[in-house]
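The structure presented is a predicted model; accordingly, all values stated were derived computationally and were not measured. Heavy atoms only: backbone and side chains are in, while hydrogens, waters and symmetry mates are out.
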Amino acid sequence: MTVSVSARPYDFTFDPAQVALVVIDMQRDFIEPGGFGDTLGNDVSRLKDIVPTVAALIGLFRKLGLPIVHTREAHRPDLSDCPPAKRLRGAPGLRIGDTGAMGRILVAGEPGNAILPELAPLPGEIAIDKPGKGMFWATGLHETLQGMGITQLVFAGVTTEVCVQTSMREANDRGYDCLLIEDATESYFATFKSAAIEMIVAQGGIVGWATPLAALAAALEVEHV
Ligand code: C5J
């Protein structure tokens with residue numbers, strides 16, 4: 001069985017038996033005041049608006065019994081997987097590993113590093129900690145997806161031009177077809193979000209495809225709200 005979704009730059013066709021949803025970094029550290037995104041000087045309030053759409057997208061995959069991968073950008077407590085080039089970059093209010101209002105910034109297991117409770121992974125769903133921007137670096141995720149027979153990925157999460165786009169590019173290079181759900185991703189910078197989407201779909205879909213959630217739900221003939 002194949003499903004065809006109206007998308008840019010042209011219809012995205014996938015086999016539900018070979019598709020997984022990837023939700024990138026919907027963590028308190030990026031979305032709530034006092035986390036990593038905030039310490040970098042961003043207006044984190046922009047990111048909250050997509051939470052209901054991401055929840056609906058997750059609900060759609062759960063209803064259909066399709067696999068879901070959740071990622072967290074997270075470092076080990078001893079920071080052995082956080083290169084100085086990342087930790088010492090710029091002049092943030094707090095650095096990775098420093099203690100903030102939600103525990104240690106971007107450290108695995110800290111309250112601020114958790115995925116938002118309303119989007120939390122359920123037992124049986126894949127949840128990975130990734131030390132980099134991309135979801136394949138030092139995670140073993142490619143081997144896991146290969147073992148499941150996954151060849152196509154639907155993407156959501158934050159931020160569009162950083163961890164989402166990096167993960168899509170990494171996935172593209174590993175042979176996955178990638179569809180970004182436009183209203184289930186956000187950036188601290190509106191122009192970066194739109195530019196990233198244009199870069200992804202340009203040149204005949206050089207990185208992948210993009211479409212709103214409603215188009216995916218319509219193709220799957222499932223009510224998504
Ligand atoms: C960033 C991310 N922006 N999840 N991480 O550093 O996009």
Side-chain angles (χ1 to χ4, degrees), residues 1-28 30-31 46-73 114-128 130 135 141-142 144-160 163-165 167-168 170-172 176-187 193-194 196-197 200-201 205 207-225:
M1 171 195 174
T2 57
V3 175
S4 196
V5 186
S6 174
R8 289 192 297 145
Y10 56 92
D11 289 359
F12 180 81
T13 302
F14 68 94
D15 177 350
Q18 296 183 312
V19 76
L21 171 65
V22 179
V23 184
I24 300 282
D25 299 358
M26 290 299 292
Q27 298 163 257
R28 300 182 67 199
F30 292 103
I31 298 168
R46 283 186 50 80
L47 271 46
K48 262 220 168 318
D49 290 353
I50 63 163
V51 172
T53 310
V54 177
L57 176 59
I58 291 172
L60 183 64
F61 272 69
R62 283 180 182 155
K63 192 186 285 188
L64 295 168
L66 300 177
I68 303 174
V69 177
H70 305 258
T71 72
R72 289 176 292 252
E73 187 170 340
I115 291 171
L116 297 183
E118 55 269 56
L119 304 178
L122 291 182
E125 296 174 358
I126 299 168
I128 61 158
K130 59 179 183 57
M135 67 184 190
L141 181 60
H142 184 42
T144 302
L145 294 176
Q146 280 183 312
M148 296 164 64
I150 301 297
T151 58
Q152 291 167 308
L153 298 171
V154 174
F155 279 85
V158 296
T159 60
T160 317
C163 290
V164 175
Q165 186 175 202
S167 295
M168 287 186 75
E170 284 188 342
N172 187 59
Y176 298 92
D177 290 324
C178 301
L179 173 66
L180 176 61
I181 304 302
E182 294 176 21
D183 45 351
T185 184
E186 195 46 88
S187 167
K193 172 179 174 174
S194 52
I197 293 172
I200 285 163
V201 303
V207 175
W209 287 256
T211 202
L213 174 58
L216 176 64
L220 289 165
E221 296 175 343
V222 176
E223 186 59 53
H224 69 284
V225 284

Next item on the list: Compare every heavy atom of Ala156 with every heavy atom of Val164, then report the nearest pair and how far apart it is.
Entry: CG2-O, 4.2 Å
Notebook entry, point to check: Donor-acceptor pair, Glu186 side chain versus Val158 backbone, under 3.5 Å?
Noted result: no
Notebook entry, point to check: Can you tell if the side chain of Val207 reaches within under 4.5 Å of the side chain of Leu180, non-hydrogen atoms only?
Noted result: no
Note to self: side chain to side chain contact (heavy atoms under 4.5 Å, CB included) for Val69 and Leu141? Distances and angles first, verdict last.
What the structure shows: CA-CA 9 Å; Val69 177; Leu141 181 60; 4.2 Å; yes
Notebook entry, point to check: How many angstroms lie between CD1 in Ile128 and OG1 in Thr71, if you round to the nearest 0.5 Å?
Noted result: 6.0 Å
Check: Run the side chain to side chain contact (heavy atoms under 4.5 Å, CB included) check on Leu60 and Leu213 step by step: do they pass?
Finding: CA-CA 10 Å; Leu60 183 64; Leu213 174 58; 4.0 Å; yes
Checklist line | Student check: side-chain heavy atoms of Leu145 and Leu153 closer than 4.5 Å | finding: yes
Notebook entry, point to check: With a 4.5 Å heavy-atom cut-off, do Ile126 and Pro67 have their side chains touching?
Noted result: no
Item checked: Value rounded to 0.5 Å, distance of NZ in Lys193 from CD in Glu182 -> 7.0 Å
Notebook entry, point to check: Hey, are Thr160 and Thr185 close enough side-chain-wise for a donor-acceptor pair under 3.5 Å?
Noted result: yes
Margin query: Let me confirm one number: the CG-NZ distance from Leu220 to Lys63, rounded to the nearest 0.5 Å.
Written below: 10.5 Å
Checklist line | Closest contact, heavy atoms only, Phe155 versus Met135 | finding: CZ-CE, 3.6 Å
Check: Shortest non-hydrogen contact from Leu119 to Val51?
Finding: CD2-O, 3.9 Å
Checklist line | Ile150 CD1 to Asp177 CG distance, which is reported to the nearest 0.5 Å | finding: 12.5 Å
Note to self: For Gly205 versus Pro9, what's the shortest heavy-atom pair and its separation?
What the structure shows: N-CG, 3.4 Å
Next item on the list: Identify the two heavy atoms, one from Gly157 and one from Met26, that lie closest to each other, and give their separation to 0.1 Å.
Entry: CA-SD, 3.8 Å
Check: Could you state the interatomic distance from OG (Ser4) to CZ (Phe14), rounded to the nearest 0.5 Å?
Finding: 9.0 Å
Checklist line | Sidechain-backbone polar pair: Arg72 side chain, Ile115 backbone, donor-acceptor under 3.5 Å | finding: no
Notebook entry, point to check: Is any side-chain heavy atom of Val154 less than 4.5 Å from a side-chain heavy atom of Ile181?
Noted result: yes
Item checked: Interatomic spacing from CZ in Arg62 to CD1 in Ile68 - rounded to 0.5 Å -> 5.0 Å
Next item on the list: Can you see which heavy atom on Trp209 is nearest to which on Asp11, and at what distance?
Entry: NE1-O, 3.5 Å
Check: Is the side chain of Gln27 donor-acceptor paired with the backbone N or O of Glu73 at a distance under 3.5 Å, no angle test?
Finding: yes
Check: Taking Glu125 for the side chain and His70 for the main chain, is one N or O donor matched with an acceptor at less than 3.5 Å?
Finding: no
Next item on the list: Decide yes or no on side chain to side chain contact (heavy atoms under 4.5 Å, CB included) for Val22 and Met168, but give the supporting numbers first.
Entry: CA-CA 10 Å; Val22 179; Met168 287 186 75; over 6 Å; no
Margin query: Please evaluate residues Ile24 and Phe30 with respect to the criterion side chain to side chain contact (heavy atoms under 4.5 Å, CB included), reporting the C-alpha separation (whole Å), side-chain torsions for both, the decisive distance (0.1 Å), and the verdict.
Written below: CA-CA 11 Å; Ile24 300 282; Phe30 292 103; over 6 Å; no
